[in-house]
Amino acid sequence: MAFVQDAPKDSFRLGMLIYDTRYRSITIQVVVLILFLLFLSWLVNNTAQNLAAKGRTFDFGFLWMRAGYDINQRLVDYTNDSTHMRAAFIGLLNTLLAAFVGCIIATILGVVIGVLRLSKNWIVSRLMTVYVEIFRNVPVLLWILLAATILSETTPQPRDFRQTPEMEQAGEEPKASMLFGIIAVTNRGTVIPEPKFCIGKPQAECDADPNEGGLGVIDLGIFKVSLNLLALLVVFGGSIFVNSRITKQANATQEATGIRPVTWWKSLAVLIIPSAILLWALGLHFVVPELKGFNFVGGISVLHSFTALTLALALYTAAFIAEIVRAGIMAISRGQSEAAAALGLRPGRTMSLVILPQALRVIIPPLISQYLNLTKNTSLAIAVSYMDLRGTLGGITLNQTGKELECMLLMMGIYLTISLIISALMNLFNRAVKLKER
Amino acid sequence: MKKSVFLGTLSAAALFAGIAGAGTLEDVKARGVLNCGVNVGLTGFGAPDANGNYQGFDVALCKAVAAAVLGDASKVKYAPTTGETRFTALASGEVDVLIRNSTWTFSRDVDLKFDFVGVNYYDGQGFMVKKDLGVSSAKELDGATVCIQTGTTTELNLADFFKANNLTYTPVTVADDSEGQRQYLAGACDAYTTDASGLAASRATMPDADNHIILPEIISKEPLGPLVRHGDNVWGDVVRWTFFALVAAEEYGVNKANIEEVASTTTNPEVKRLLGTEGDLGAMLGLDKEWAKRAIAANGNYGEIFEANIGSATPIKLARGLNALWTQGGLQYAPPFR
């Protein structure tokens with residue numbers, strides 16, 4: 001037996017902070033931290049001094065002042081009497097809308113293209129390669145501008161839809177007509193029929209009322225919640241719950257007897273009939289847009305600025321998502337699809353039941369960053385006159401109030417928050433689908 | 001020891017950053033070139049010509065200031081600015097003076113800490129529509145889609161005008177004049193609104209200028225003028241009095257062609273003081289005696305600059321109107337040179 005004697009402990013000397021490996025790393029970290037804090041304080045100090053030199057103050061009071069300008073796309077109530085805060089909120093909602101719709105379209109397109117790029121069909125896979133290479137190698141701003149230009153230059157002006165009495169006499173048709181008689185595609189936007197509700201009143205009376213009708217709305221102060229929509233959500237949620245019970249029952253029967261009972265008509269009935277009855281009871285009808293004066297009135301106008309921005313961002317990001325999906329699928333060993341084939345699964349079922357669920361583990365983390373990219377890229381909206389957060393808070397409000405620093409910091413904070421929220425949600429989803437190690 | 005040097009450098013840097021901006025006149029003289037903020041492109045006011053040289057009504061004032069301060073009208077570096085970037089460019093010191101058809105308002109003068117040194121063009125906001133729209137008054141624009149440049153006073157005027165007349169409209173906010181024109185010509189908006197002078201300038205560049213009309217309503221006061229940073233009064237005086245020298249020159253009949261002759265023969269003491277043959281107004285400004293003479297000789301007097309760039313002989317065809325001299329019923333008026 002041998003005893004190891006501890007080396008006699010030296011008393012601590014200052015030099016050990018540098019020469020002793022036990023302390024060196026801590027020393028370096030502390031020095032770096034101090035330098036970083038000094039740099040930070042210099043930045044803040046410099047800014048404060050410059051603001052003071054210019055006689056400018058740093059405060060956010062302007063957010064509660066009257067904005068005074070109008071915004072063309074408003075998801076919630078806004079007039080030019082609203083505050084700058086409200087205008088920023090409108091912009092934020094527009095940003096979120098574009099990002100949300102863009103992410104959904106990009107995901108669907110990306111998955112389809114990524115899978116098709118692996119297709120054994122030579123033409124299909126080459127076409128998808130061409131798509132990916134074209135879209136991801138041209139700056140997204142150019143795609144946005146291209147989409148906006150195509151939309152506004154190839155579509156007719158609202159007045160081209162008009163048929164004047166003289167034209168009628170001459171037997172001429174207007175230059176443009178509505179799709180299916182209900183959708184008007186003009187060079188400003190696509191006007192689609194607007195759903196309206198009506199209970200116990202003649203329909204014309206409900207249509208004249210600018211409000212939604214039906215059950216009405218609850219005003220939450222910041223925004224209004226449609227009770228009609230809420231009722232529909234509740235009923236549809238109930239339907240989904242009942243449907244899941246039906247499926248569960250069918251699964252149990254299948255486990256017990258080996259025969260799966262036919263449930264599709266039950267599911268269909270449960271999902272559709274209650275909602276349909278509710279909508280009928282609420283007096284749902286659609287107001288078809290009509291050309292009055294300079295523009296179409298009635299109906300919902302989906303501005304081309306929104307369509308162009310969302311579409312271009314989705315097409316661009318889809319190219320990246322396609323590559324991520326392809327990489328995810330290729331990461332799954334061939335043995336998995338061979339095993340699935342041996343069990344008798346058809347190729348389509350193999351993809352959806354065996355390959356994609358496993359590929360998700362590889363796909364989700366890079367997918368998060370694509371979602372973040374898309375969301376941040378919505379700030380290019382001003383190029384096509386879409387009033388997003390950058391257009392309202394970082395554009396008009398900044399210019400009218402001259403509060404550059406405040407607006408920029410606020411905007412950065414908001415984008416950071418949105419990104420972190422998306423990131424957190426996707427990380428939760430990732431945790432749910434990742435490989436469970438038991 | 002090292003740390004204190006570091007801290008000293010830091011505070012010196014902070015101080016330096018703090019005081020940069022004062023003493024623009026010395027900066028310009030030392031640099032030998034004037035940084036002038038102009039429009040990205042508004043024909044007649046500030047736009048590059050076929051050779052890429054900036055020309056226009058506002059640009060001429062940049063040249064006059066450069067001639068007065070540096071003795072050479074060509075020593076100007078033009079910084080093209082949009083409605084959104086112009087004030088940041090001036091506040092940050094990127095440009096020495098902003099002469100970019102910018103409206104003098106209370107909040108820009110007081111809150112944004114700028115000084116408007118004069119009004120070189122009295123303007124108002126108007127609307128342009130296509131002739132075949134059949135509109136003859138802005139009050140008939142109910143429900144119209146209106147293109148508007150972001151970062152301008154016109155945004156607020158537009159909202160106020162439609163509100164006051166109980167009309168509705170859809171704004172299409174564009175980043176600059178060229179995008180506004182594109183959208184307007186493509187029919188994405190029924191009307192295009194900006195300062196009436198800007199509309200005239202835009203119309204002049206359109207291939208079918210005759211098919212567009214500017215509606216009679218002028219819905220706002222838009223006094224456009226050069227501006228400098230607040231607090232640098234010496235530099236503000238230089239720009240202000242250079243502009244007034246051009247106006248005074250028109251009033252006293254001094255123009256580009258006769259300036260040498262007038263300088264040697266005039267008996268009018270005011271003209272003598274203006275042209276530096278008597279008194280020493282230049283030294284009071286921190287310039288030499290002949291500062292105003294050079295400024296006038298660069299592009300001519302105010303009237304000559306107006307006629308050469310935006311007057312009735314140009315495609316823009318603006319009448320003098322409010323911008324005539326006070327002696328001819330207009331508002332242009334230079335205080336006495338004494």
Side-chain angles (χ1 to χ4, degrees), chain A residues 34-35 38-39 41-42 45-50 52-56 62 67-73 79-81 148-149 151-153 155-160 186-189 292-295 297 301 303-305 382-387 391-392 394-396 398-404, chain B residues 3 6-7 10-11 13-15 17-22 83-84 86-88 91-92 107-108 111-114 132-133 135 140-148 150-153 155-160 162-163 169-175 179 182-183 186-191 229-231:
Chain A
I34 289 174
L35 286 179
L38 275 176
F39 175 69
S41 63
W42 173 73
N45 184 32
N46 192 24
T47 309
Q49 287 207 15
N50 272 306
K54 289 200 184 109
R56 305 281 296 271
F62 68 95
Y69 60 90
D70 287 293
I71 300 174
N72 50 11
Q73 180 181 308
T79 66
N80 53 44
D81 285 327
T149 313
L151 281 174
S152 70
E153 304 278 347
T155 45
Q157 296 188 30
R159 57 183 157 144
D160 290 344
T186 73
N187 60 354
R188 291 159 197 186
K292 259 190 202 155
F294 296 99
N295 284 316
V297 289
S301 180
L303 296 175
H304 278 333
S305 51
I382 187 65
V384 288
S385 315
Y386 180 68
M387 296 317 278
T392 57
I396 305 179
L398 184 151
N399 265 287
Q400 303 296 1
T401 60
K403 300 279 185 191
E404 291 106 345
Chain B
K3 201 169 174 184
F6 179 63
L7 281 180
L10 270 189
S11 52
L15 265 178
I19 53 169
E84 283 198 297
R86 54 184 163 176
F87 296 124
T88 318
S92 66
S107 62
R108 285 177 182 173
D111 190 36
L112 296 191
K113 306 288 176 197
F114 295 126
D132 58 3
L133 200 62
V135 171
E140 294 169 22
L141 287 175
D142 193 16
T145 304
V146 182
C147 275
I148 182 147
T150 185
T152 62
T153 49
E155 262 169 337
L156 308 183
N157 299 332
L158 181 69
D160 290 352
F162 275 85
K163 191 178 181 139
Y169 73 106
T170 311
V172 173
T173 312
V174 298
E179 172 67 5
R182 191 192 72 73
Q183 298 241 24
C189 34
D190 300 303
R229 284 180 291 277
H230 181 84

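Numbered from 1 within each chain, the chains take letters A, B, ... in sequence-line order. Computed over heavy atoms, backbone and side chain alike; hydrogens, waters and symmetry mates excluded.
- The greatest number of non-hydrogen atom pairs below 4.5 Å with chain B, out of Thr186(A), Thr149(A), Asp81(A), is found for Asp81(A).
- For the pair Asp160(A) (side chain) and Gln157(A) (backbone), a donor-acceptor distance under 3.5 Å is present.
- Residue contact with chain A, scored on non-hydrogen atoms closer than 4.5 Å, is absent for Leu158(B).
- Taking chain A as the reference chain and counting heavy-atom pairs below 4.5 Å, the highest number among Gly143(B), Pro171(B), Gly83(B), Ala186(B) is found for Pro171(B).
- Without hydrogens or angle criteria, Asn50(A) side chain to Asn46(A) main chain gives a donor-acceptor distance under 3.5 Å.
- Heavy atoms of Glu179(B) lying under 4.5 Å from chain A belong exclusively to its side chain.
- Distance check: His304(A) NE2 to Glu153(A) CD gives 11.0 Å after rounding to the nearest 0.5 Å.
- Salt bridge Lys163(B)/Asp70(A): absent, no basic N to carboxylate O contact under 4.0 Å.
- Neither the backbone nor the side chain of Phe162(B) comes within contact range of chain A; no heavy atom of the residue lies under 4.5 Å from a heavy atom of that chain.
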For Val172(B) and Ile148(B), run side chain to side chain contact (heavy atoms under 4.5 Å, CB included): C-alpha distance rounded to whole Å, both residues' side-chain angles, the deciding distance at 0.1 Å, then the answer. CA-CA 6 Å; Val172(B) 173; Ile148(B) 182 147; over 6 Å; no

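- Looking only at heavy-atom pairs under 4.5 Å with chain B, the residue among Thr401(A), Asn72(A), Val384(A) that has the most is Asn72(A).
- In this structure, Arg188(A) contributes its side chain and Gly187(B) its backbone to a donor-acceptor pair below 3.5 Å.
- Proximity to chain A (any heavy atom under 4.5 Å) is shown, for Leu133(B), by both the backbone and the side chain.
- Annotation: maximal heavy-atom pairing with chain A below 4.5 Å, among Thr170(B), Leu141(B), Val174(B), Asp160(B), occurs at Leu141(B).
- For the options Gly231(B), Cys189(B), Cys147(B), heavy-atom pairs under 4.5 Å to chain A are most numerous at Cys189(B).
- Contacts between Thr150(B) and chain A at a heavy-atom distance below 4.5 Å involve the side chain alone, from C-beta outward.
- For Ala67(A), the part lying near chain B is the backbone, with the side chain staying farther off; criterion is any non-hydrogen pair under 4.5 Å.
- Defined by atom type and a distance below 3.5 Å, a donor-acceptor pair is present between the side-chain atoms of Thr145(B) and Asn295(A).
- With a 4.5 Å cut-off on non-hydrogen atoms, Asp142(B) touches chain A through its backbone but not through its side chain.
- If you measure heavy-atom distances from Ala52(A) to chain B, you find no contacts under 4.5 Å at all.
- With no hydrogens or angles considered, no side-chain donor-acceptor pair links Tyr69(A) and Gln400(A) at under 3.5 Å.
- The distance from atom OG of Ser152(A) to atom CG of Leu303(A), rounded to the nearest 0.5 Å, is 12.5 Å.
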